[in-house]
Every structure is written in structure tokens, then in C-alpha cells.
Visitor: 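Pasting a structure below so you can have a look.
In this text, all values refer to a predicted model and were calculated from it rather than measured experimentally. Only this structure's heavy atoms are used, side chains among them; waters, hydrogens and symmetry mates stay out.
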Amino acid sequence: MPPGEDVRERLNEALADRYRIEREIGSGGMATVYLAHDLRHNRKVAVKVLDPEIALALGADRFLLEIETVANLAHPHILPLHDSGEADGFLFYVMPYVKGDTLRSRIAREGQIPVRDAIRITREIASALNYAHGEGVIHRDVKPANIMFEAGHAVLTDFGVAHVLATVEDQRLTRTGFSLGTPTYMSPEQVTGQKDLDGSSDQYALACVLFEMLAGEPPFKGETSQSLLYHHVAVDPPPIEPIRTDVPANVAAALQRALSKTPAERFVTASQFAEALDAEHELSPRGRRPPDPAVNKRALVGLAAAVTLVLVGWVVSRGLVNPGSPGPPPTDRPYTVLSTVEGSADADIRETVQFLLRSALDVAHVIQTVPSKETRRVLRLMERPDTTPVDPTLARELAERLGVGTVVLPRFDAIQAGFLVAVQVEDVEGGFLVAEASRQAADADALVETIDAVAMDLRRNLGESRAVLANNEPLPLVLTPSLEALRAYRDGVALFRSFQPANAVPRFREALALDPEFSAAHVELSAAYHNAGVADSVVVHLRRALETPDRLTLVQRRDTEAYLKYASDFALWDESMFQTGYRNR
């Protein structure tokens, strides 16, 4: 017997006195929905059964307590909840069975929905949300699939499971892999895992739905969930007017406001959002006809492709990419300015991400980050402190002063399940997106590997040859897979570069205590010992570094062998020894 048939039989036995399960009509990551016959009231109903792992983590008592709040919601545009309970280990709740269409199927069938219909649907759902928010209930998963049509009006479904699970903080829920919300419609604050969401998050999701009704597609698209999440957090939504010429000015303005990244910039309530859509005297087009959206889209895609090809073509014409000899990176690579990592994650981890990205990009052939010392020099000329964070705005200004054509704009956000790492390369003069890459790290332990993969994706998108990419040793190997060891090493490097070798020594030793075969840390420690005047430890750590040569890049290994040769003869030891080589970057 198929597993689904077994579950249905168990449910029929457990609910025999109230419901007769007929067939499965839908399933998702958190629950399965069955069509059933309500024996007591002789009517069709939908029985939603929670996933067994989620039910186990949640517990029957907590479920029944929290679902009571949802059961008390009574609004004409909210699908009511008839019943709920626990039976034979199953946690379930019961809703009316609606035969009508969903908004998802209507969009799929019609594409762009008439403006008046889209506004009416949005106003009806906004009314439902405004009521629920007043009752202290946040939906958390507003999307076309959860909007149905009954007697010609829109009703919002599926308040139950999201509300219940949002009240529970349990690591077992995280391990089930479930996520509240759908990436295409999640607010930036929901993406970044903020605990205390309010109605503004639902308002953002509803604005995404309105955009999709008008445009035929959501405001943000991506090949992966990670890409979608990144766009919600960091990319401005496109204006609706070039896509739909018949969208009134007040609707376009209201839509942009509701899609604001910052909750405080949106409408105070869902009701206010609805009112802003309902200025009847403005329900007429703006009187101007923008360019054909299809032509616009082709032009933008072509322009982005052209920028990328020009950059890559310039690199190749200069002889900067040589697929036949993937050795050390050429010294005349095009430079870029690396912005400080922005995002919602902890500042200390963002500094580590910054260090990793610089390390990953500095071995590329197609691009090279401007050295930190050069950035500090220009900051001094601008009469700014050396320690000024290079945010995206300052990065663009530095690029212009240095005559550099691109900036690298990284983000690092904590999301519901781990972290989201995303990097964009932007053309400074034209503001074009030259390339981008993003990936999700399941947890902090996967961070080094994830950033290495993002850097590789970015280099590939910039035109890096496969031969060069294949020749690069992974960051977890040539640095360390240990985030804590990497933090200590990062701090040691910063102290050493700030002419504090004695203070750098304990940080490098800490890194080595966490990862004894961290060869790069041995090399840096040997340099710090030398500059701190502890010459007898220099040779020891150079030799230790070469005991695991695969933990060094080709350039590092060659330099370390040279350093050891000279360090073995203290008569030749002088300050110039550590002024050249791979550390002078």
C-alpha cells in the first residue's frame, strides 16, 4: 500500500466519528490537505494535517492553545476555521472546502489582471489583514495560492499553521527544514529572521501580490531561493509604470511605498495601503506612453550583457586571462574597490566575511581588489580616518578617485535557516550590474566553504577561465574551515599590518590551537615573531607551514620555501625579508 493510502486510512479511523477522508487535494512543506465529508453537518470540508515532524516538535497542547486564536477570527474575507484537534498523533484543523479559483490559477491563466480587479482584490485582502492584525495575528504567508475566490470575492486562507508555528522557538522545527513564508513574497525583515514581525510584513507581501497581478510576474525573480531572498533585502523593486501603462499614478506610488525595504517607510496599516489605492479620481493612466516593456527588457538585458562582454573582452585583449597557463595571477589585472560587507548578520562575522571575500577575489585573474593600504592612502587625502567603513557610496567615490571601473558590493544576512551571502559587481560610471552571485550557508560552520563558492561563481560570471578556476585551491583548504580559527587569524593579520607584531602573536597562536595545520597562520606567525624580535621561533613555524604544503597556495609555498632558505642563515636575516612576497598586498 502506498504511504499516502496508509495515512489516509489512519486518518479515517482516527476521525471516523466526525469526518470521512475522501482524497488528498494539496500538500506543502508544513501540511497536507484532504477533502473530507463533515458527517455531523453533511458538508464538504478541507482537513489540513500538519507534517508529523512539525507536529512532534510543536506538541498537541501548544497547537490547540494557539489555534484557538485563529479560530476566533471572523471576517468576510478570511476563510474561517471550523474545527481543530489531535487524533492518533495527527494535529489537524478544518476549513470550509471552497470550490472557487485561487488567485494563483487566475494569474497563470490570464497573466496581467485588469487594474480595477487587482485593486479590488488587494483592498479585500488588506481589509482581512487589517482585522487580523488588530486581533494580534500576523499571517506570514500572503501569496496568490492563499487567496481564493468565493461568490466573486477574495478570501484569505491558511492563517492557522503559520500563526501557530511562529509562536514556537524550537530547534527541532529548524531541523525539519521548514520555513514560514514563501521566498517570492517574504518581507526583508522576515528574510533576515526578525522575531517580532508586525502587520507591515504582511503589507509588503500583499504589495508583492499586487505587483504580480498588474505585471504578470512578481517584483523579484531568481533562479534560486537564495537569489530571491537577496533581492528582497538588497535590491530596489522595479517601477510598475513601464510594465503597465494603464496603472494610475496613485497606485504606482502606493505600491512603491508598500514595497519599501524599511517597515517604517511603509503605510502604518494595511487599511491605509488600501485607501491609497482607492483614489477614484486618479483611476486613469498618466497620459504618457513609456517604451514597450518587452523592448525595454531586451535593451536592459542586452546592455548588461554588453557591459560584461566589454569588461571580459578588455581583460582578454590585455592578455590577462591565459587559459593555457593557470599560474599565479598577473600583476596587471583590472582593479575594483571592495565595499564593506553590509547586512543584518553580526558585525564581527561580517568582518570575517570581508576578509574571506578579499582573500577569494585576490587570486582571480579577471579582477583584483584595490589593496587596503591604497584605500587608506586615499581616505587620508580625503581627510577621513583610515578606519572609515567603505560603504557602497564611499566605495563608488573611492573608485572614481582611483580611476577604477567597478565596485564589489557584498551583503551578508542572517536568515531563518543560516546565512545568505550575496555579491554584486557594479559599473561605477553607468551604475550597471556587471555580475552577481549568491548562496546560502546552512550555518556558521559552512560559511568559509559558501563564500569560496560565491567567489567562484562571481569570477565565473565575470568570464574567468575554467582552467584558472580549476587551479585555485579552495579557501577552506588554504585558509581554514574553522570560523573561530579564521577570526583569530584575521585579527592577527590586522594587528601585524598595523605594526603591532607582539600583539599579533597571541592571535596567530590561538588560530593554530584551533587548527594546528593552518599553514598560512604558521607563516604569518613566523613573520610576527621576527618583527617582535623572537628570531628563534621563525624557522620553526616556517618549517611547520611546509609540513602541510597543500594548505598553501602555489605562490605562498614558493615564498615560504624562499623565506626558510634565508631564515636558516641568520647572518642574512634583515628587515627586507618580509617586505616582499605574498604578504605585501
Side-chain angles (χ1 to χ4, degrees), residues 75-78 101-104 106-107 110-134 138-157 184-188 198-220 232 236-290 293:
H75 188 276
H77 297 295
I78 293 178
D101 219 355
T102 67
L103 180 57
R104 164 55 56 227
R106 181 173 176 182
I107 292 173
E110 299 180 20
Q112 297 179 347
I113 291 177
V115 173
R116 287 185 180 275
D117 283 1
I119 292 174
R120 177 183 57 79
I121 292 165
T122 304
R123 284 179 52 79
E124 290 177 344
I125 299 304
S127 172
L129 289 172
N130 200 64
Y131 164 77
H133 297 161
I138 310 301
H139 191 286
R140 289 178 170 80
D141 197 18
V142 178
K143 59 184 178 181
N146 284 337
I147 296 173
M148 302 191 74
F149 297 103
E150 189 174 35
H153 292 282
V155 291
L156 187 57
T157 72
T184 304
Y185 311 95
M186 288 172 71
S187 69
D198 59 20
S200 181
S201 181
D202 283 345
Q203 181 189 140
Y204 179 95
L206 180 58
C208 289
V209 173
L210 173 57
F211 189 104
E212 186 171 358
M213 284 193 284
L214 295 171
E217 58 185 28
F220 301 115
H232 281 298
D236 290 333
I240 191 66
E241 301 100 308
I243 304 172
R244 282 288 294 269
T245 60
D246 58 341
V247 172
N250 66 300
V251 173
L255 187 56
Q256 284 294 117
R257 181 174 174 182
L259 286 172
S260 297
K261 301 299 182 191
T262 306
E265 295 177 357
R266 300 173 201 147
F267 295 95
V268 176
T269 64
S271 179
Q272 287 186 7
F273 176 34
E275 290 169 6
L277 300 173
D278 199 34
E280 289 292 339
H281 62 281
E282 293 214 27
L283 281 178
S284 60
R286 292 187 167 199
R288 62 179 178 85
R289 184 174 181 82

Visitor: Is the shortest side-chain heavy-atom distance between Phe273 and Asn130 below 4.5 Å?
Guide: no

Visitor: Can you tell me if His232 uses its side chain to pair, donor with acceptor, with the backbone of Thr184 under 3.5 Å?
Guide: yes

Visitor: Closer than 3.5 angstrom, by distance alone: can the side chain of Asp202 be matched with the main-chain N or O of Arg140 as a donor-acceptor pair?
Guide: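 Present.
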
Visitor: Out of curiosity, Gln203 CD to Asp198 CG, how far, rounded to the nearest 0.5 Å?
Guide: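 CG of Asp198 is found 9.5 Å from CD of Gln203.
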
Visitor: Working to the nearest 0.5 angstrom, can you tell me the gap between Leu255 CG and Glu241 CD?
Guide: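 Atom-to-atom, Leu255:CG and Glu241:CD are 9.0 Å apart.
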
Visitor: Go through the steps to decide whether Leu210 and Leu277 satisfy the test side chain to side chain contact (heavy atoms under 4.5 Å, CB included), and finish with yes or no.
Guide: CA-CA 11 Å; Leu210 173 57; Leu277 300 173; 3.9 Å; yes

Visitor: Restricting to non-hydrogen atoms, name the atom on Arg106 and the atom on Pro114 that form the minimum distance, rounded to 0.1 Å.
Guide: NH2-CD, 4.1 Å

Visitor: Salt bridge (charged side-chain N to carboxylate O under 4.0 Å, His left out): which pairs involve residues 123-134, sequence neighbours left out?
Guide: Arg120-Glu124, Arg123-Asp278

Visitor: Taking the six-membered ring of Phe267 (Phe, Tyr or Trp), confirm whether the NZ or CZ of Arg257 is under 6.0 Å from its centre and within 45° of its axis.
Guide: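 Yes, Arg257 lies over the aromatic ring of Phe267.
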
Visitor: Within the side chain of His139, is there an N or O that forms a donor-acceptor pair under 3.5 Å with the backbone of Ser201?
Guide: no

Visitor: May I ask you to test the Cys208-Pro218 pair for a side-chain heavy-atom distance under 4.5 Å?
Guide: no

Visitor: Hey, are the side chains of Met213 and Leu103 touching, using non-hydrogen atoms and a 4.5 Å cut-off?
Guide: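 Yes, their side chains come closer than 4.5 Å.
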
Visitor: Restricting to non-hydrogen atoms, name the atom on Ile125 and the atom on Leu206 that form the minimum distance, rounded to 0.1 Å.
Guide: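 Here Ile125 and Leu206 meet closest at CG2-CD1, 3.8 Å.
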
Visitor: Supply the atom-to-atom distance Tyr185 OH to Phe211 CZ, rounded to the nearest 0.5 angstrom.
Guide: 12.0 Å

Visitor: Where is the tightest heavy-atom contact between Ala154 and Ile147, given as atom of each residue plus distance?
Guide: CB-CG2, 4.0 Å

Visitor: What residues form a side-chain hydrogen bond (donor to acceptor under 3.5 Å, both in side chains) with Ser200, not counting sequence neighbours?
Guide: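 Scan of Ser200 (side-chain hydrogen bond (donor to acceptor under 3.5 Å, both in side chains), adjacent residues dropped) gives Arg266.
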
Visitor: Say you draw a straight line from NZ of Lys143 to CE of Met186; how long is it, rounded to the nearest 0.5 Å?
Guide: 11.0 Å

Visitor: Search all heavy atoms of Pro238 against all heavy atoms of Gln256 and return the closest pair with its distance.
Guide: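 It is O-OE1, 3.3 Å.
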
Visitor: In Å, rounded to the nearest 0.5 Å, how long is the span from CD1 of Ile107 to CD of Gln112?
Guide: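 The CD1 atom of Ile107 sits 11.0 Å away from the CD atom of Gln112.
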
Visitor: Tell me the closest heavy-atom pair linking Val142 and Val209, and the distance in Å.
Guide: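 Taking Val142 first and Val209 second, the nearest heavy atoms are O-CG2, 4.2 Å.
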
Visitor: Considering non-hydrogen atoms only, spot the tightest contact between Pro239 and Ile243 and give its length.
Guide: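 In this case the closest contact between Pro239 and Ile243 is O-CD1, 4.1 Å.
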
Visitor: Under the rule for side-chain hydrogen bond (donor to acceptor under 3.5 Å, both in side chains), what residues qualify as partners of Ser127, not counting sequence neighbours?
Guide: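 Ser127 satisfies side-chain hydrogen bond (donor to acceptor under 3.5 Å, both in side chains) with His75 only.
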
Visitor: Do Glu217 side-chain atoms and Glu212 backbone N/O form a donor-acceptor pair below 3.5 Å?
Guide: no

Visitor: Any donor and acceptor pair, going by atom type alone, linking the side chain of Asn146 with main-chain N or O of Asp141 inside 3.5 Å?
Guide: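 A pair under 3.5 Å: yes.
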
Visitor: Which of these, Val251, Ile113, Asp246, Thr122, sits in a side-chain contact (heavy atoms from CB on, under 4.5 Å) with Leu214?
Guide: Val251

Visitor: I want to check something: taking the side chain as every heavy atom from C-beta on, are Leu259 and Tyr204 in contact at a cut-off of under 4.5 Å?
Guide: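 The answer is yes; the side chains approach within 4.5 Å.
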
